[in-house]
Participant: 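One structure follows; several queries about it will come next.
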Amino acid sequence: MSDLEEEYRLEFFDQEGFVRRECVECGAHFWTRDEDRETCGEPPCETYTFIDDPGFAEEYTLEEMREAFLSYFEEHDHERIEPYPVAANRWRDDVLLTQASIYDFQPLVTSGETPPPANPLTISQPCIRMQDIDNVGTTGRHTMAFEMMAHHAFNAREDIEDAEQYAYEGEVYWKDRTVELCEGFFESLGADVEGITYIEDPWVGGGNAGPAIEVIYEGAELATLVFMSMEQDPEGEYELKDGNRYSKMDTYVVDTGYGLERWTWVSQGTPTVYEAIYPDQIAFLKDNAGIELTEDEQRIVHDAAALAGNMDIDEAEDLEAARDEIAAEIGVDVADLEALVEPLESIYAIADHCRTLAYMLGDEIVPSNVGTGYLARMVLRRTKRLVDEVGVDAPLDELVDMQAERLGYENRDHVRDVVRTEVEKYRETLERGRRRVEDMAAEHADAGEPIPTPELVELYDSHGIQPDMVEDIAAEHGADVDVPEDFYGQVASRHDEDAGGITAADADERFADLPATEQLYYDDQQGTEFEAVVLDVFEREDGYDVVLDQTMFYPEGGGQPPDHGTLTSDDATVEVTDVQIEDGVIRHRTDEELDKGSMVRGKLDVDRRRQLMRNHTATHVVIHAARRILGDHVRQAGAQKGVDSSRIDVAHYDRIDREQVRQIERLANEIVMANVSVSQEWLHRNDAEAEYGFDLYQGGVPPGEQIRIIQVDADVQACGGTHVARTGDIGAIKVRSTERVQDGVERLTFSAGTAAIEATQRTEDALYDTAAALDVDVWDVPDTATRFFDEWKERGKRIEELQEELAEARAAGGDDDATEVEVGETTAVVRRIDAEMDELRATANALVEDGQIAVLGSGGPASDVSGTSSDSSDGTNGAQFVVGVPEGCAVNAGEVVSQLASRVGGGGGGPPDFAQGGGPDADQLDDALADAPEILQAVVDA
RNA sequence: GGGCUCGUAGAUCAGUGGUAGAUCACCCCCCUGGCACGGGGGAGGCCGCGGGUUCAAAUCCCGCCGAGUCCA
């Protein structure tokens, strides 16, 4: 096993007189100029020494420090690069947020597939680390939002066989120069370079690894210098700390990270990092929340923070343990200290969270319950809770705007708008939750028991109500709550993860030897016929896979389905039903075999392909139109093209209403009618990104140095699909529906070309048929339908009234159809009324009100008076009974009904005073009713 | 993408196989000089939609639509 010790023996260290030492506290190896040094310098082995004693010659604000860094590296031959969005999922699909500057260049640049935008380069990249969320504010040094200043150099070995295979060649600089530049920057700020220690700390992550150095100054880790140079390899020569083996790569990359906030903090020497980086907002928040401290109190807070800073408090949990110690040291009561410090901690967290939100929303992340949108929502809600708790009464959108303004954003109005919308949504959620908890609390308070844990878990998991909020609300209603220690564990256990990763289909070895198929559909997008040579044929379960030297058939990809068509050789014509591409080799799935080596003529199913092209270009047009109508935050969140219809999912924070659909449709068709040409061009990806930004990648990020750019009107996208030549070829675009596929994601389904016409015709047919059925003009359909519906409701009510009148009349007039028997003191009326259940019930009620027992049977409605009956049968749908018993009469209606119903092959029941039942054998109805007197007698005797 | 919860009167919600309810809001009347309150009466429901099970479904099962929420 190698611990990479050799990797750290730098010439630079040698020349500068560094020595390698082992820390007496933690055992880490480090490099220092100070021969007497015993510890590595990093907490907990040593403490911060810059608090109240800044480590640089001058104090810097965030902006000044960023500029100092970038200009230093510019002066040393680095090109300054504009920061990337914090939404890393715009250019890669393995992560959601940008957490380090190197994220900007993964995976394609680091692997050598794509050249970096400059080499070497320097950047200050905004980042968000959600995992630190609990520590923000309390530890004094954690922030969720930060900028990682960096200098990167991308190197590729030249001593390899095929050096040109990588997008960059040769060495820009490596370890020695990296450390030298780092020292140089320290020096430029007037730091005492004697005090710097370099700790050996190999880095491993995401399948890559390499030696790395932590740069410690004044007790603080100010930079990490990573030398990414290895990749995971079971045969590898190095075994690293994650237990895996690694071997050297052909590319090797300098990946550095300098925390802008740390550097600013060290330059100012404030007790916490927050005070150094957000002085204005913290002053505002303190003032607004009415936090005024006496000089004594200020001193206590200051000392406590300084001590905490020195104590290597890495987690909020550790702080609780440390607080006793701190209080003792300063000589105050722990409770008093907490009362002083906690509001400040909230305020620090608010400032940090507002910056996080400004980053997220400024980069046009739309709050939702998926992906980055969910993260934005979580941060926003947490911030809102903190703001309310600490008693800040400024609207949240104003607080976020303070950060957006500081960052110089141009879309501040949009950011405020989104924050307001979200705050309102949260308010509604809280209100719903409050009512729910109040009911629950009252119930459990009555029972004198605490709210049980499963209820708590459900309140959080299904309704988004935090346990501590439940505690507060429950307390108001006198109910207790026990929040178990492992609460969030119990929540997690509700989410039974059904493992079952999708096993990737085994790559077929035999394809590996075949050359990449020439893609004729790019040379001539309008072409439909071609000639080719059959390179190979593979038998499959349901047909054959044919590989040609070149093809016009478009393989499935980018949401565009594959082409269909035929391949014809001298001997046979075969149908192509599917086309797939793998490693550049295109496979045509056919129903019959073709001879290897034969010449074939390929013909596309032209109608299908035309529709697919129309749909694909239309997709670009629709998303462009949606963006113009709904706002710049609109991005594609998925798409599927089809022959008859296509759909795109877009990120948007509200439902798309009918009027907006009309506007989108109109604008889309204006672009169609303008008949602008659809241009295809292959650009170097860096040029394309520089010119159009990451919005190019609406449909995903293509690999490679050159990317295909499709421009439709003002819309520019990287796209591998086939398109019509001019927008007019689309013919027409019809938006058919919108649907909310997730909160914050709207799906637009539309049709293009002939399918658009057909879709419209189908809708019209439905309208015409309706008009015909109502016997009115189409324009009168809405009014007529409304009138009919109202009248139908009126009639229902009238029928009910009449049924009641009829029932009363029946009850009053003893008519001949009824059999009356005496059951004890009470008269029972047994009668057959062929009517609906409603009518039977009404009659029974009327009889009961007259003090009589009602035993009513029905063989189904004699005539369908109400028009509401939905049964299609012809009166043979069985028998029903209703039995009603007046108060104080010892007859169980349920029992009677049960016995009657059993005679018609069914069952029944109900409360003792009013029961219903029935069965399928209507033929037995009269016999059953004839037996009713005996049944009544038997029941009363029992 | 997955899990969970919910959809009943204008609003908020009860009702978990057997006659659709409460509170507020609304309309009318009484009380009052008038208002608030109080009292009495009334109107207002395709129980989200579509299937299924059952003698019987707001209620149970399946699908769809709509909303909420937790997680990746």
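Numbers restart at 1 for each chain; the letters A, B, ... are given by sequence-line order, proteins then strands. Below, each value reflects all heavy atoms present in this structure, side chains not excepted, and no hydrogens, waters or symmetry copies.
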Participant: Closest nucleotide of RNA chain B for A:D439 versus for A:Q916: which of these residues is on the 5' side?
Facilitator: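 Upstream on the strand: A:D439.
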Participant: Under a 4.0 Å threshold between the charged nitrogen and the carboxylate oxygen, would A:D743 count as salt-bridged to A:R740?
Facilitator: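 Yes, A:R740 and A:D743 are salt-bridged.
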Participant: If I take atom CD in residue A:E836 and atom P in nucleotide B:A56, what distance separates them, rounded to the nearest angstrom?
Facilitator: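 These atoms are roughly 14 Å apart.
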Participant: Between P on B:A72 and CD on A:Q131, what's the gap in Å once rounded to a whole number?
Facilitator: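 To the nearest whole Å, that distance equals 12 Å.
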Participant: Should A:R377 be listed as having a side-chain N or O under 4.0 Å from OP1 or OP2 of B:U69?
Facilitator: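 Answer is yes, contact under 4.0 Å.
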Participant: Give a yes or no on whether a salt bridge exists between A:R90 and A:D363, defined as a side-chain N under 4.0 angstrom from a carboxylate O.
Facilitator: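 Result for this pair is no, no salt bridge flagged.
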Participant: Any strand is fair game: report the nucleotide pairing with B:U19 by Watson-Crick or G-U wobble, both distances under 3.5 Å, or none.
Facilitator: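 Checking every strand shown, B:U19 finds no partner, since no pair has both distances under 3.5 Å.
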Participant: Tell me whether A:F914 is stacked on the nucleobase of B:U19, counting only the six-membered base ring and applying the 5.5 Å and 30° thresholds.
Facilitator: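 So yes, this residue stacks on that base, both cut-offs being met.
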Participant: Write down the distance separating the P atoms in B:G66 and B:C49, rounded off to the nearest Å.
Facilitator: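 Rounded to whole Å, the distance is 15 Å.
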Participant: Using salt bridge (charged side-chain N to carboxylate O under 4.0 Å, His left out), reason through A:E794 and A:K797 one step at a time and then give a plain yes or no.
Facilitator: CA-CA 5 Å; A:E794 283 304 316; A:K797 278 178 230 166; 3.5 Å; yes
Participant: Under 4.0 Å between a Lys/Arg side-chain N and an Asp/Glu carboxylate O for A:R903 and A:D927?
Facilitator: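 Between A:D927 and A:R903 there is no salt bridge, as every charged N stays at least 4.0 Å from the carboxylate O atoms.
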Participant: Can you tell me the base-pairing partner of B:C47? Count Watson-Crick or G-U wobble geometry only, both distances below 3.5 Å, and say none if there is no partner.
Facilitator: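 Because no pair has both required distances under 3.5 Å, B:C47 counts as unpaired.
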Participant: Any salt bridge (Lys or Arg N to Asp or Glu O under 4.0 Å) pairs touching residues 884-900 of chain A, not counting sequence neighbours?
Facilitator: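 Checked against salt bridge (Lys or Arg N to Asp or Glu O under 4.0 Å) - neighbours excluded - no pair reaches residues 884-900 of chain A.
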Participant: Give the rounded distance in Å between these two atoms: CG of A:L430 and P of B:C70.
Facilitator: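 That distance rounds to 10 Å.
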Participant: In Watson-Crick or G-U wobble terms, both distances under 3.5 Å, what is the partner of B:C60?
Facilitator: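 With both distances under 3.5 Å, B:C60 matches B:G52.
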Participant: Mapping A:G917 and A:R747 onto RNA chain B by nearest heavy atom, which one lands closer to the 5' end?
Facilitator: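 Nearest nucleotide further toward 5': that of A:R747.
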Participant: Say you draw a straight line from OG of A:S858 to CG of A:L929; how long is it, rounded to the nearest 0.5 Å?
Facilitator: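 Rounded to the nearest 0.5 Å, the OG-CG separation comes to 10.0 Å.
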Participant: Using the C1' atoms only, state how far B:A22 lies from B:A14, rounded to an integer number of Å.
Facilitator: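 Comparing C1' positions in B:A14 and B:A22 gives a spacing of 7 Å.
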Participant: Using 0.5 Å steps for rounding, measure from the NE2 atom of A:H652 to the CG atom of A:D654.
Facilitator: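 Between A:H652 NE2 and A:D654 CG, I get 5.0 Å after rounding to 0.5 Å.
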Participant: Using the C1' atom as the point on both nucleotides, what is the distance between B:C46 and B:A57, in whole Å?
Facilitator: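 After rounding to an integer number of Å, I get 15 Å for this pair.
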Participant: Taking pairing as Watson-Crick or G-U wobble with both contacts under 3.5 Å, can you name the mate of B:G66, or confirm there isn't one?
Facilitator: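 Pair assignment: B:G66 / B:C6.
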Participant: Can you tell me how far P of B:C6 sits from CE of A:M440, to the nearest Å?
Facilitator: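 Atom-to-atom, A:M440 to B:C6, this comes out as 11 Å.
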Participant: Verify whether one side chain among A:Q131 and A:Q99 offers a donor that lies under 3.5 Å from an acceptor in the other.
Facilitator: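 Side chains of A:Q131 and A:Q99: pair found under 3.5 Å.
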Participant: Contacts to RNA chain B from residues 840-856 of chain A, heavy-atom cutoff under 4.0 Å, which residues?
Facilitator: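 Hits under 4.0 Å, by residue number: A:R841, A:N845.
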Participant: Using the C1' atom as the point on both nucleotides, what is the distance between B:U8 and B:G48, in whole Å?
Facilitator: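 The answer is 10 Å between these two C1' atoms.
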Participant: Could you run down nucleotides 43-52 of chain B 5' to 3' and tag each one B, S or - for protein heavy-atom contact under 4.0 Å?
Facilitator: -SSB------
Participant: If the threshold is 4.0 Å, N to carboxylate O, is there a salt bridge linking A:E438 and A:R435?
Facilitator: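 Salt bridge absent between A:E438 and A:R435.
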Participant: Just name whichever nucleotide pairs with B:U32, Watson-Crick or G-U, keeping both distances under 3.5 Å, else none.
Facilitator: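 Matched B:U32 with nothing under the 3.5 Å cut-off.
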Participant: Please work out which residues in residues 895-908 of chain A have a non-hydrogen atom less than 4.0 Å from an atom of RNA chain B and list them by number.
Facilitator: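 Output list: A:G907, A:G908.
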Participant: Less than 6.0 angstrom separating the ring centers of A:W91 and A:Y697, yes or no?
Facilitator: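 No, the ring of A:W91 stays outside the 6.0 Å limit from the ring of A:Y697, centre to centre.
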Participant: Using atom types as modelled, flag every donor-acceptor pair under 3.5 Å from a side chain in residues 454-461 of chain A to any protein atom, sequence neighbours excluded.
Facilitator:
from	atom 1	to	atom 2	distance (Å)
A:D461	OD1	A:H495	NE2	3.0
A:D461	OD2	A:R494	NE	3.0
A:D461	OD2	A:H495	NE2	3.3

Participant: Could you tell me whether A:D657 and A:R655 make a salt bridge, using a distance below 4.0 angstrom between a side-chain N and a carboxylate O?
Facilitator: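 Salt bridge: no.
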Participant: Taking the C1' atom in each of B:A9 and B:G45, what is the distance between them to the nearest angstrom?
Facilitator: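 The answer is 6 Å between these two C1' atoms.
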Participant: Using atom C1' in both nucleotides, what's the gap between B:U53 and B:G17 to the nearest angstrom?
Facilitator: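 Between the two C1' atoms, the distance is 12 Å.
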Participant: A:G918 near the nucleic acid: base, sugar-phosphate alone, or nothing, with a heavy-atom cut-off under 4.0 Å?
Facilitator: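 Since a base atom lies under 4.0 Å of A:G918, the category is base.
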Participant: Would A:R787 and A:E791 pass as an ion pair if we require N to O under 4.0 Å?
Facilitator: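 Here A:R787 pairs with A:E791 in a salt bridge, since their nearest N and O are under 4.0 Å apart.
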Participant: When you compare B:A20 with B:A58, how far apart are their C1' atoms, in angstrom units rounded to a whole number?
Facilitator: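 B:A20 and B:A58 have their C1' atoms separated by 8 Å.
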Participant: Salt bridge or not for A:E424 and A:R427, using N-O below 4.0 Å?
Facilitator: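 Salt bridge flag = yes for A:R427 with A:E424.
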Participant: Between B:G7 and B:C13, how many Å separate the two C1' atoms, rounded to a whole number?
Facilitator: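 To the nearest whole Å, 12 Å.
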Participant: Round to a whole Å and report the spacing from CZ of A:R382 to P of B:C70.
Facilitator: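 Going from CZ in A:R382 over to P in B:C70 covers 13 Å.
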Participant: In terms of side-chain geometry, is the basic nitrogen of A:R662 or A:E665 positioned less than 4.0 Å from the acidic oxygen of its partner?
Facilitator: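 No, this pair does not count.
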Participant: Now, which nucleotide makes the Watson-Crick or G-U wobble pair with B:G1, with each of the two distances under 3.5 Å?
Facilitator: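 Paired with B:C71.
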Participant: Output a table of nitrogen or oxygen pairs between the protein and nucleotides 64-68 of chain B separated by less than 3.5 Å.
Facilitator:
from	atom 1	to	atom 2	distance (Å)
B:G66	O3'	A:R655	NH1	3.4
B:A67	OP1	A:R655	NH1	2.6
B:A67	OP2	A:R655	NH1	3.2
B:A67	OP2	A:R740	NE	3.0
B:G68	OP2	A:R740	NH1	2.4
B:G68	O3'	A:T429	OG1	3.3
B:G68	N2	A:S462	O	2.9

Participant: For A:R436 and B:C6, give me the distance from atom CZ to atom P, rounded to whole Å.
Facilitator: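 So the two atoms are 7 Å apart, to the nearest Å.
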Participant: Which heavy atom of A:V423 sits nearest a heavy atom of A:L396, and at what distance?
Facilitator: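 Closest pair (atom of A:V423, atom of A:L396, distance): CG2-CD2, 3.8 Å.
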Participant: What is the separation between atom CZ on A:R434 and atom P on B:C13, rounded to the nearest whole Å?
Facilitator: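 Rounded to the whole Å, the gap is 14 Å.
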Participant: Quickly work out the A:M378 CE to B:U69 P distance and round it to whole Å.
Facilitator: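 Distance, rounded to whole Å: 13 Å.
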